[in-house]
Amino acid sequence: MTDSVLHFDRVAIELGGRQILSPVELTVKRGEFVCVIGPSGCGKTTLLRAAAGFVTPSGGSVRRKGAPITGPSREVAFVFQDYGRALLPWRTVQANVSLALEAANVPAAERPARIAHVLRTVGLQAHAQKFPAQLSGGMQQRVQIARCLAQRPDVMLMDEPFGALDAMTRETLQDELARLVREEGLTVMFVTHDLEEALYLGDRVIALRSNPTPELPSLAALIDVPLPQPRDQLSTKEHPEFLRLRRELYHYLGH
Amino acid sequence: MTDSVLHFDRVAIELGGRQILSPVELTVKRGEFVCVIGPSGCGKTTLLRAAAGFVTPSGGSVRRKGAPITGPSREVAFVFQDYGRALLPWRTVQANVSLALEAANVPAAERPARIAHVLRTVGLQAHAQKFPAQLSGGMQQRVQIARCLAQRPDVMLMDEPFGALDAMTRETLQDELARLVREEGLTVMFVTHDLEEALYLGDRVIALRSNPTPELPSLAALIDVPLPQPRDQLSTKEHPEFLRLRRELYHYLGH
Amino acid sequence: MKNTHRTLTAVGNASGSVLVLGAFIALWWMASTSGWVNRAFLPTPQATLQSLLQGLAGGELGAYTWATLTRMFSGWVLASALGIALGALIGSSGRAREWIAPTLEFIRPLPASAVMPLAIALFGLSGGMVLAVVAFGAMWPVLLATLHGLANVHRQLREVSRSLELSHLDFVLKIGLPNAMPDILAGMRLSMTVSLIVSVVGEMIASQPGLGQAILLAARSFQASELFAGIVLLGAMGFASNVVLALAERSLLRWQRP
Amino acid sequence: MKSLAFPALLIGALEVWARTTGQGSDAIAPPSAALRAFWGAAMDGSLFQATAFTLGTAALGLLIGALGGLLLGTLLGLSRRAARLGFLSVEVARPIPSVALIPLAMLVFGFGLRMELSVVAFACLWPMLVLTQAAVQQVEPRLLEVSRALELTAWQRFAWIIGPAIVPRLFVALRLGVAIALVVAVTVEIAANPHGMGYAMMIAQQSLDPALMLAWLVWIGVVGYLINASALALQHRVARAMGEQVA
Amino acid sequence: QSTTKIVFGYTAVTDFASVFVAAENGYFKKRALDVELKFIPINSTIPAAVQADSLQIGGPTPSVFLQSVDGGLDHVVVAGAGVTSKTITGFGLVARAGSGIRKAQDCVGKKIGVPGLGAFLHVTFRAWLKSQGVDYTKVNFVEAAFPQHGDLLRGGSVDAVVSADPFMSRITDTGVGYVASYYSTFLPENQPTIIHVARRDWVAKNPAAAKSFREAVQEAAAFMNQPKNDAAVRAAIGKYIKLPPEVIAKVQISPPGPVVTEKQLTYWVDLMKDQGMLKTVPDVARLIAK
Ligand SMILES: Nc1ncnc2c1ncn2[C@@H]1O[C@H](COP(=O)(O)OP(=O)(O)OP(=O)(O)O)[C@@H](O)[C@H]1O
Ligand SMILES: Nc1ncnc2c1ncn2[C@@H]1O[C@H](COP(=O)(O)OP(=O)(O)OP(=O)(O)O)[C@@H](O)[C@H]1O
Ligand SMILES: [Mg+2]
Ligand SMILES: [Mg+2]
């Protein structure tokens with residue numbers, strides 16, 4: 001399994017004395033796009049945090065490229081759900097993005113061009129000089145995404161990254177993300193509440209369940225999405241397979 | 001116009017020297033449900049903040065029940081977009097909800113029942129004793145909604161209140177909210193990015209535009225939603241009028 | 001138009017501020033002239049002003065003020081540098097915390113007035129010794145603020161730094177200290193005052209020329225108006241230096257309330 | 001153990017210095033002699049009496065000063081107008097060294113508790129004010145909006161929102177305040193008030209007993225250290241009760 | 001007859017011996033005075049304490065007293081403690097070994113430590129310099145407490161100190177310095193070194209108590225003047241000034257001067273005016289309680 005980028009090896013997690021995730025077994029391959037869905041509070045964020053090395057599983061282990069994860073790495077970017085708190089309030093938009101470049105010791109001369117580029121990608125070129133407190137919620141979220149893109153990671157762990165974005169901005173960023181995965185072999189784990197988004201972006205979708213028991217483990221379903229690549233906002237979403245999968249997922253989620 | 005609850009009288013707003021909202025003229029009637037949509041950063045939050053009295057318009061005025069707004073009132077509840085920051089981190093879930101009751105001088109004896117009731121409404125009865133830091137994003141958002149419900153306001157100003165919720169929880173809360181509006185005459189202004197949500201909940205939907213000019217003012221569209229009440233997750237969303245309006249809105253948003 | 005408006009409000013604020021101070025001075029005037037407090041200890045504002053002008057005209061008071069000012073300022077710069085550096089060290093390294101924090105906590109409550117005789121015995125009666133005591137005495141607000149700011153970086157920012165694999169130093173420089181900045185600046189404002197106070201105490205005890213000695217001699221010879229002239233000068237000095245600091249603070253903390 | 005390395009080194013150096021170069025000094029004695037002197041003071045009870053007086057006065061003075069600072073600081077932190085109006089007066093009064101007020105306090109109150117209290121309270125007022133003001137200005141603006149939306153009264157806003165939010169920073173202020181109160185109390189006793197630890201130290205100095213003087217000095221440090229340690233312990237307890245959101 | 005309560009403030013000098021003796025021998029008690037002796041570390045705080053009624057009577061040096069009067073305090077002299085004497089070699093100018101200071105002229109341009117700027121030793125030392133034809137403004141005076149004198153000389157921070165026993169003899173014993181001049185022996189005799197003062201309104205209200213206090217001190221002075229009582233006097237001193245016994249046994253005791261005259265005060269007024277320490281000329285006659 002040389003192309004396994006992330007491997008969840010019977011990962012179980014306890015928080016505050018409660019079992020949040022019962023053993024999860026999952027392998028994510030290079031260039032794969034895995035979407036995670038599930039009810040509020042079921043442990044999606046927790047799963048991603050384990051993949052990033054922020055929490056240590058109480059059982060099992062997470063491996064990246066075969067080696068057990070001991071802590072966060074710069075090759076793994078994390079887009080936090082709570083975007084407001086993930087930015088440095090004392091740095092402007094561009095300086096916030098710059099942080100990722102500084103961390104990677106990118107020479108100062110190269111930074112402006114790279115910053116400008118990612119800011120254009122997320123549509124914030126006009127707001128480079130603003131402080132986070134001067135931005136709308138969706139703009140803050142995009143700054144965070146820009147920082148993660150600037151990091152040029154191998155793996156992106158994205159926790160509801162497009163949650164605060166309007167439909168149009170969201171679609172633009174979805175397509176941009178899909179392009180990066182295709183062209184640069186980026187591996188993505190992507191938490192979302194939007195079933196259509198999960199199906200549109202994912203090669204696979206995993207559904208988690210709240211309050212797992214040995215009989216009903218965390219991993220409620222693991223669905224392959226055999227839709228053709230590259231996908232397209234209009235045709236893909238009208239594809240019969242898309243509609244079928246959407247209905248299927250809808251039922252998994254308790255309807 | 002005795003039943004005008006909120007009246008935006010040529011409201012214009014400047015922030016940081018930039019014109020965010022060009023004159024907006026709008027009347028919201030008692031029991032009405034108005035949804036606000038628009039691209040990220042167009043001023044939806046700002047419009048709601050003006051309605052709540054957190055910002056003073058640079059031009060025009062907002063009137064509530066005929067009187068100009070001088071500041072926030074307990075009769076108006078505000079659900080903030082950045083839920084993580086709007087909770088008191090040192091209070092448990094139930095104590096956070098209790099804040100609204102304490103503010104309204106509800107006798108201590110009555111509080112537990114009312115708290116339990118709103119927590120049940122948002123599905124957090126099992127987490128009453130947790131601190132915000134121990135909750136998932138969606139759960140924090142629901143605590144905030146619970147606090148606003150406990151407040152028993154006349155007007156609810158909701159800024160992407162269901163943004164971090166999974167489809168099922170979201171639908172439950174949508175229906176709960178619609179019921180409150182119908183049964184208790186609650187008036188709601190509701191910002192969302194989800195067109196379907198806007199159409200499903202709203203009596204009217206207003207679409208805002210970024211960077212308004214005198215020729216292209218902030219208020220890009222004002223659409224009546226003549227769908228029958230009460231609405232229903234299945235039938236309403238398949239109603240031909242629903243689908244037509246959805247397409248119409250989709251175009252307003254730049255597609 | 002907007003500019004004139006802004007200037008007008010600024011003038012309004014300044015005059016309001018002056019009025020409040022004027023009210024306090026009026027209170028002082030009433031207390032001293034009505035004889036609630038013996039004139040030998042609380043002189044009238046007029047007498048104070050007269051002593052002040054006389055002292056300044058004689059040139060002596062001006063020289064003292066300058067001496068104290070330079071002592072305070074160099075002590076403050078030293079104290080701030082020392083406080084931030086030690087605070088960053090202790091706040092970010094468990095080992096440093098184990099080795100030196102308890103010693104510092106032990107030294108902290110020792111009054112300069114009690115330590116000074118010891119310092120004089122060990123290091124002699126020199127300006128350098130006083131400066132060291134000033135720097136040492138005034139660094140605590142900055143040190144504690146730095147510690148607090150470092151310890152209270154929001155969990156999520158910590159995780160951002162971990163996921164970017166920021167080096168320890170980078171974390172301190174780019175996240176820890178900026179996060180502590182509002183606290184550090186408040187600490188530095190305090191530190192400036194403490195530095196002035198310890199300078200004055202140092203001048204009193206270690207017999208160095210300056211306002212402290214002038215005040216001490218005035219107090220000892222029961223020249224209340226001269227004592228108060230010194231105090232007024234100290235107040236003016238503290239005020240002037242704090243205005244500068246407040247301006248710096250406003251531009252450094254622009255992000256807080258944009 | 002490691003924490004004792006530096007003090008041990010210092011004490012060792014002092015012992016050597018006092019027994020060689022510094023022999024015959026009237027200001028410094030070897031630490032070993034100081035220990036013996038300390039034992040004597042502990043046995044005859046003067047230690048505890050003096051410590052109790054100084055600590056009691058420092059605590060009471062701190063309480064008064066802290067309450068004033070808390071009140072004023074909150075006011076100035078919340079209202080920009082109050083901050084602007086008060087700025088001049090606060091900044092002019094703040095740098096007045098408390099020692100310069102000793103003669104005045106002495107005249108008004110004479111020897112004893114009240115004069116020391118007044119000077120200690122004055123000295124503690126300003127740091128508490130500045131730090132409270134800074135802390136209040138850093139309260140999450142969103143929470144202040146919540147309090148406005150709920151139309152909380154000024155008192156409720158303070159008790160429910162601002163108070164708890166500034167608790168972590170107040171502990172910093174408290175720890176500073178404790179040291180300042182102790183320092184000023186001892187200074188007042190050294191300079192004028194014939195009570196407490198500072199006075200005891202002065203007596204030791206004037207009766208040519210540098211060992212006892214050093215013992216007092218170290219004892220003051222120890223007392224301060226213990227108080228600080230208990231303030232830290234309290235801080236951790238409070239933090240835990242508040243959901244551990246403070247470090 | 002009811003007793004009058006008096007809190008009396010003293011400092012750690014032997015000039016207060018007459019008061020100690022009066023207290024020990026019951027001279028106060030037999031005059032219906034209940035005198036509580038309170039040790040005050042710093043002489044210059046005494047007038048303020050008297051003004052605040054923390055002390056009813058206190059013993060400042062004449063210079064402190066006159067400056068307090070100059071500053072506006074309405075105090076009067078009730079009695080006197082010690083006076084100067086040519087036989088006293090208990091204080092003097094101590095120079096650092098190797099400094100070469102021998103006479104007044106040598107002090108020019110040097111750094112000299114005094115226990116208090118403007119205090120007794122400083123004023124009298126300047127008076128001596130002047131009497132020797134030396135311009136004292138050319139001497140660099142710094143303030144340093146007695147116990148530090150030895151260390152400062154050793155460290156070279158100062159060239160000489162104006163010190164007093166027992167510190168003086170400790171310095172000479174260790175060889176750090178030598179006595180350059182017992183300058184006090186050049187000063188006029190029988191000038192007060194410490195005087196007992198009280199608030200004028202207190203004296204007006206308690207004329208009998210003030211008078212009794214003076215009489216008690218006078219009786220004690222008579223007791224002290226008898227050489228056979230030396231041991232008892234030293235015991236009384238040892239009780240109130242906590243000095244090592246060997247120091248008490250050796251220390252020189254200033255002769256008592258229980259009654260202060262206008263002439264004596266005038267000496268001080270002139271001295272201080274000469275050194276620019278007074279703003280106004282006090283009416284000496286009004287300053288002494290009858
Ligand atoms: N520090 C903690 N202590 C105790 N319990 C915690 C802690 N952090 C999270 N939890 C619990 O773990 C569960 C899963 O949280 P998680 O944040 O992973 O949910 P989620 O699936 O991301 O939900 P959402 O969609 O609402 O963000 C929640 O029930 C939460 O209460
Ligand atoms: N304090 C401020 N100073 C300057 N500009 C501000 C400030 N607050 C908001 N803005 C600007 O106002 C505009 C509107 O912000 P607002 O938060 O109302 O947007 P929004 O429609 O709610 O967007 P989103 O959907 O992303 O939350 C943004 O372009 C933002 O940059
Ligand atoms: Mg989550
Ligand atoms: Mg918004």
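Each chain gets a letter, A, B and so on, in the order the sequences are listed, and its residues count up from 1. Hydrogens, waters and symmetry mates are skipped; everything else that's a heavy atom, side chains included, is used.
- Within a 6.0 Å sphere centred on CZ of B:R182, heavy atoms belonging to other residues, nucleotides or ligands number more than 12.
- Heavy atoms closer than 4.5 Å to chain B are found in the side chain of D:E140, but not in its backbone.
- Of the possible polar contacts, none joining the D:R142 side chain to the B:A86 backbone as a donor-acceptor pair under 3.5 Å is found.
- Between D:R148 and B:F54, the shortest heavy-atom contact is NH1-CD2, 3.9 Å.
- D:W160 and B:W90 make their closest contact through O-CZ2, 3.3 Å (heavy atoms, listed as atom of the first residue, atom of the second, distance).
- No other option in B:P153, B:S73, B:A100 has as many heavy-atom pairs under 4.5 Å with chain D as B:S73.
- Counting non-hydrogen atoms of other residues, nucleotides and ligands closer than 6.0 Å to CZ of B:R111 gives a total above 12.
- Atom CD of B:E102 and atom CG of D:L152 lie 9.0 Å apart (nearest 0.5 Å).
- The side-chain heavy atoms of B:L87 and D:V146, taken from C-beta on, include no pair separated by under 4.5 Å.
- Taking the side chain as every heavy atom from C-beta outward, D:L143 and B:R85 never approach each other to under 4.5 Å.
- Atom NZ of B:K29 is surrounded by 12 or fewer heavy atoms from other residues, nucleotides or ligands within 6.0 Å.
- If you take CG on B:L88 and CD1 on D:I161, they are separated by 4.5 Å, rounding to the nearest 0.5 Å.
- Scanning both residues, D:E151 and B:P72, for their nearest heavy atoms gives CG-O, 3.7 Å.
- Within 6.0 Å of CD on B:E25 lie more than 12 heavy atoms contributed by other residues, nucleotides or ligands.
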